[in-house]
Every structure is written in structure tokens, then in C-alpha cells.
Amino acid sequence: MSRNVPRYTSYPTAPHFSKAIGPKEYAEWVSALNPNAPVSLYLHVPFCRELCWYCGCNMKLAKRDAPVAEYAKTLIKEINLVSEHLPGRMDISHLHWGGGTPTALVPDDLARAMDAVRASFNVTSHAELAIESDPRTLTDEMIRRIGELGFTRASFGVQEFDTKVQKAINRIQPPDMVRRSVDGLRSVGVSGINFDLIYGLPHQTVGTLLETIRLCVDMQPDRIALFGYAHVPWMAKKQRLIDETALPGVDERLLQSQAAAVALTDAGYVAIGLDHFALPSDSMAKAAEAGTLRRNFQGYTTDQAEMMLGVGSTSIGRTPSGYVQNLSETGAWARSVEAGELPVGKGVVLTKDDTLRGYVIERLMCCGEVDLDDAALRVGMSKDWYSELVSDLIELEIDGLIARRDGRLSVTEKGAPVVRVVASVFDAYLVANTARHAVAV
């Protein structure tokens with residue numbers, strides 16, 4: 001539980017992206033995409049109107065509208081630029097606005113960006129259009145515009161409702177504030193509502209978390225993500241404002257996680273993967289039951305597209321050839337776009353071995369089991385590809401964390417809370433990795 005391992009929203013993970021991959025390579029990769037296959041589109045807005053001390057995202061505090069408006073103009077130019085490199089007008093099956101806080105944009109700028117998307121891509125009738133939002137700054141006008149633009153899902157970072165915890169992380173939002181936003185979005189046709197909760201926060205207890213869950217369940221979000229707070233002040237400098245002595249230890253974090261999971265399942269939610277819960281009627285619960293659940297940089301997803309196009313500073317994209325990440329500094333990103341160059345800052349080429357290990361890790365993270373022999377056949381590799389890992393697997397088996405039979409590996413109930421540790425056995429980069437990660441639970 002105390003091992004520091006990646007969250008595995010990609011493989012290889014982001015610390016292994018290299019500046020050797022840039023605009024030229026990405027242009028070649030996207031131009032070679034299958035024009036008849038759907039893509040997902042991720043749009044990143046790094047601005048927030050308020051500063052949350054726990055946050056590890058790449059963000060900028062926006063007290064003025066002007067920088068956000070300029071960013072929106074450049075974002076539209078990048079949408080057009082990316083589309084020019086594609087082999088044709090492609091279908092979008094999933095679209096996700098993340099950040100930061102996308103609703104830091106003014107409604108007209110959000111609408112102009114969505115118009116640019118629809119001008120360059122075919123947004124399919126069944127596409128999921130999702131947007132992250134902050135109930136502290138979400139206006140009635142933005143709620144109305146989100147409905148008019150056809151968004152189908154909205155996500156809120158609830159985290160914790162206890163006032164002492166909220167003060168310790170600098171995110172004050174009473175339950176009524178969140179409820180107003182949820183009711184407003186539902187009234188304009190946004191049918192899917194997601195909540196993010198966090199355990200392991202300063203001054204947080206099992207009791208405060210369970211009360212937060214009670215209040216959340218009363219609002220009936222379709223999905224609830226329950227994340228362990230990742231205290232990484234060496235990366236996220238704003239986390240240095242958090243009192244480390246108030247953080248719960250590993251044992252307390254595990255108790256919080258377990259108690260929350262029981263409370264959510266008792267309330268009728270289906271446990272999905274490592275940290276998600278969904279109502280049985282939600283598409284994510286159905287995907288988990290069907291074995292089609294996926295995992296990407298947004299976490300667990302129903303998105304089946306093999307290609308993700310990232311737009312905006314820091315955004316990450318994936319093609320069958322590899323991953324890319326845009327320049328994180330907004331000035332450098334904007335200058336690249338203005339010069340007509342794809343603003344890629346780094347990336348990684350996917351080898352056959354990467355594809356194999358990535359598939360195994362994703363299956364473990366999504367459904368808790370994988371056929372190791374079948375995985376090898378998928379990429380044309382020998383069934384003994386994992387022979388050097390057998391001793392590590394035996395150790396996990398002795399500890400009761402996994403079960404193995406005839407090339408199949410499954411994570412046990414005991415091993416489920418540390419599935420990231422199980423997945424890390426297949427991470428060929430981890431041993432020599434100098435990157436620092438958060439604890440497994």
C-alpha cells in the first residue's frame with residue numbers, strides 16, 4: 001500500500017515522454033490515421049478562477065478575462081491546425097473539455113470553440129460531449145449555453161463537504177452550491193452528472209467522508225470517482241500550502257477508501273475498476289459488465305476510439321504510433337500555433353513491447369484480469385514474453401493478491417485496492433525510473 005507507483009492512465013507513463021518526439025513526428029502520425037475510424041477530442045483549458053491547494057493539474061489562476069479570451073482564440077486556431085493535418089474529415093465519438101476549469105471561458109468563447117470543432121469534424125449523433133466545471137464559479141448563463149451546445153455530461157470536483165477539510169484545501173463549496181449547479185444543468189438537458197471525491201485529505205476522517213457521500217448520493221450523480229489524494233509537493237508547488245501533519249497515514253487512507261466503497265455500493269452504485277462507481281443504468285457500468293471499459297488520461301472511460309487528439313497547452317494525444325503532449329507553457333504553446341506548427345513538446349513512440357504491456361496493464365486496471373498468452377498473440381509475440389516476471393508474480397500470488405491459471409491472471413478481492421502495484425510488475429520502465437509517484441492507496 002505504501003509503494004509509490006503510477007496511476008497508469010497511459011503506458012508508457014508521461015515521465016517517459018521525450019523531446020525527441022515533436023511536431024514533425026506528430027504530423028506524420030495524424031496524417032496516417034484511418035480516416036474512417038472515429039477519434040476522441042480532448043480540449044484543455046488551464047485557467048481556474050479559484051486556487052485549490054490540493055490540485056496537481058497544470059493550471060493558471062485567472063482573475064482577469066483577457067488572458068482567457070486570448071487563449072480561446074489560439075485554441076480555435078489549433079483546432080483548425082490539427083484538422084488540416086488529418087487524412088480527411090473525421091468522426092468524433094467522444095469530446096471532453098478538461099483543465100483547469102473549462103467554464104473559466106466566457107459562454108461566447110466556449111460556443112465559438114464548439115463551432116470550430118463542428119466545422120472541422122463530424123460530431124456523431126451518439127457522441128458523448130463532456131465538460132468539467134467548478135460550482136463556485138458556474139453562472140446561469142454558462143449553464144444555459146452548455147445546454148444549447150448539446151453537452152451530455154458534466155463533471156464536478158466535490159472532493160469533500162466538511163468545512164474544516166475545505167478550509168485546509170482552500171475549496172469552499174457548500175452542498176447547496178453544488179446542488180444548484182447540478183439541478184441547473186439537468187434542467188437544460190445535461191443528463192449525465194459526474195462527481196469527483198478525494199480521500200486522504202488534511203483533517204479528513206472516515207466520518208467526514210461518509211457524510212460527504214450521504215450528501216452526494218442525495219443528489220444522485222450518475223458516476224462518482226473516488227481518488228486518493230496524491231501529495232506530490234515536489235511537482236505541484238501549491239500543495240506546499242497544505243499542512244502535511246494533518247494528512248492521514250496509509251492505514252487511515254485505506255480505511256477511508258474501504259468505508260467509502262461500502263457506502264457507495266450500499267447506495268446502489270456499481271464498483272468499477274480501481275476508483276469509480278456508477279449507477280447500474282449508466283453507460284460506464286454497462287461497459288464494465290460487458291468487458292469494454294477503457295482507461296486513458298481522463299481515467300476510466302467508455303470511449304472506444306483508438307485515437308485521441310489533444311488540443312490546448314499540456315494536452316495529451318494518442319495515435320497507434322505513439323503519445324504526444326503539447327507544450328505546457330501557454331506562451332510557448334501559443335507562439336507555436338501562431339507560427340502554424342503543431343505545438344507538440346514531447347512524446348514517445350510505441351514499440352510492440354509497449355503495446356503488449358500497455359494492453360495488459362489496461363486490462364488489469366479495468367477488469368482485474370487478463371489472459372497473458374492471448375495478449376502476446378495480439379501483437380505477434382511469444383507466449384513466454386513475461387518469463388522474467390514470474391518470480392514477482394509468485395510473490396504477489398503468495399501474498400494472496402493475484403491468482404494464476406493457464407496463462408490467465410486475475411486480481412483477488414484482497415489485491416483489488418493495490419491493483420496499481422500488480423500492474424506495475426509489467427512496467428518495464430519502472431525499475432530504472434527516477435520519477436516520483438504517489439502511494440498506491
Side-chain angles (χ1 to χ4, degrees), residues 43-57 59-63 65 68 96-107 109-111 129-149 151-199 201 204 208-209 211-227 229 238 260 264 269 276-279 282 298-299:
L43 303 102
H44 186 82
V45 177
F47 297 97
C48 291
R49 299 294 184 176
E50 303 285 346
L51 183 68
C52 302
W53 296 344
Y54 65 87
C55 180
C57 299
M59 58 78 64
K60 289 177 173 287
L61 186 62
K63 292 298 186 182
D65 288 339
V68 186
H96 187 102
W97 282 87
T101 308
T103 51
L105 299 174
V106 299
D109 282 342
L110 178 65
L129 309 182
I131 189 167
E132 298 173 12
S133 184
D134 185 340
R136 297 173 298 174
T137 57
L138 183 63
T139 64
D140 291 339
E141 172 58 21
M142 180 59 89
I143 288 174
R144 182 182 67 81
R145 193 63 65 88
I146 287 172
E148 290 176 351
L149 293 170
F151 281 90
T152 61
R153 186 170 297 275
S155 299
F156 294 100
V158 172
Q159 322 314 0
E160 165 70 83
F161 278 133
D162 182 78
T163 54
K164 186 176 182 180
V165 177
Q166 288 188 348
K167 288 178 181 177
I169 61 176
N170 199 42
R171 189 179 179 103
I172 308 299
Q173 50 179 26
D176 288 347
M177 179 184 290
V178 176
R179 185 183 293 275
R180 181 197 70 83
S181 296
V182 169
D183 290 346
L185 286 166
R186 282 176 169 154
S187 72
V188 297
V190 181
S191 57
I193 299 294
N194 297 4
F195 282 178
D196 289 348
L197 302 181
I198 297 181
Y199 66 87
L201 293 170
Q204 193 174 37
T208 66
L209 183 56
E211 175 61 12
T212 292
I213 289 173
R214 185 188 70 79
L215 293 166
C216 288
V217 168
D218 189 53
M219 300 182 211
Q220 283 291 286
D222 302 270
R223 299 175 188 172
I224 294 178
L226 178 68
F227 300 120
Y229 169 57
K238 63 181 78 69
L264 288 168
Y269 286 83
H276 277 52
F277 300 82
L279 293 176
D282 186 80
Q298 280 77 61

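Note: Leu226 CG to Ile213 CD1 = 6.5 Å, rounded to the nearest 0.5 Å. Rounded to the nearest 0.5 Å, atoms CZ (Phe161) and CG (Asp176) are 9.0 Å apart. With rounding to the nearest 0.5 angstrom, the CG atom of Leu149 is 9.5 Å from the CZ atom of Arg144. To the nearest 0.5 Å, atoms CG (Asn170) and SG (Cys55) are separated by 11.5 Å. To the nearest 0.5 Å, atom CZ of residue Phe151 and atom NE2 of residue His96 are 10.0 Å apart. Interatomic distance, CG of Leu43 versus CD1 of Ile131, reported as 9.5 Å (0.5 Å rounding).
Listed by chain and residue number, nothing satisfies the side chain to side chain donor-acceptor pair (under 3.5 Å) test with Asp162 (two or more places apart in sequence, or in another chain).
Although no hydrogens or angles enter the test, the distance criterion places no donor-acceptor pair under 3.5 Å between the side chain of Ser133 and the main chain of Phe156. With Gln166 contributing its side chain and Glu160 its backbone, the two residues share a donor-acceptor pair below 3.5 Å.
Across all non-hydrogen atoms, the minimal contact from Cys57 to Gly100 is CB-N, 4.3 Å. Across all their heavy atoms, Leu185 and Ala154 have their closest contact at CD1-CB, 3.7 Å. Here the shortest heavy-atom pairing between Met219 and Pro175 reads CE-O, 3.5 Å. Closest of all the heavy-atom pairs between Pro221 and Tyr269 is O-OH, 2.7 Å. Residue Met142 comes nearest to Val106 through the heavy atom pair CE-C, 3.9 Å, listed as atom of the first residue, atom of the second, then distance. Residues Arg136 and Ile172 come closest through the heavy atom pair CD-O, 3.3 Å.
Side-chain contact between Gln220 and Val182: absent, with no pair of heavy atoms (C-beta onward) separated by less than 4.5 Å.
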Show which side-chain atoms of residues 46-54 pair as donor or acceptor with protein atoms under 3.5 Å away, not counting sequence neighbours.
from	atom 1	to	atom 2	distance (Å)
Arg49	NH1	Ala62	O	3.3
Arg49	NH1	Asp65	OD1	3.2
Arg49	NH2	Asp65	OD1	2.8
Arg49	NH2	Ala104	O	2.8
Tyr54	OH	Gln159	NE2	2.9
Tyr54	OH	Arg171	NH1	3.4

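In the model, Ser155 has no side-chain atom that pairs as donor or acceptor with a side-chain atom of Glu132 under 3.5 Å.
Other residues, nucleotides and ligands contribute at most 12 non-hydrogen atoms within 6.0 Å of the NZ atom of Lys60.
Under the 4.0 Å criterion applied to side-chain N and carboxylate O atoms, Asp109 and Arg145 are not assigned as salt-bridge partners.
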Margin query: With side chain to side chain contact (heavy atoms under 4.5 Å, CB included) as the criterion, how do Arg180 and Asp140 come out once you've worked through the C-alpha distance, each side chain's angles and the decisive distance to 0.1 Å?
Written below: CA-CA 10 Å; Arg180 181 197 70 83; Asp140 291 339; 2.9 Å; yes
Check your understanding: Under the side chain to side chain contact (heavy atoms under 4.5 Å, CB included) criterion, do Leu105 and Val68 qualify, and how do the steps go?
Key -> CA-CA 6 Å; Leu105 299 174; Val68 186; 3.5 Å; yes
- Worked verdict on Asp134 versus Gln173 for side chain to side chain contact (heavy atoms under 4.5 Å, CB included): CA-CA 9 Å; Asp134 185 340; Gln173 50 179 26; 4.1 Å; yes
> Given the rule in the side chain to side chain contact (heavy atoms under 4.5 Å, CB included) test, do Leu110 and Ile146 qualify, once you have shown the distances and angles that lead to the verdict?
Replying inline: CA-CA 9 Å; Leu110 178 65; Ile146 287 172; 4.2 Å; yes
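The side chain to side chain contact (heavy atoms under 4.5 Å, CB included) test with Arg223 is passed by exactly one of Asp196, Asn194, Leu279: Asn194.
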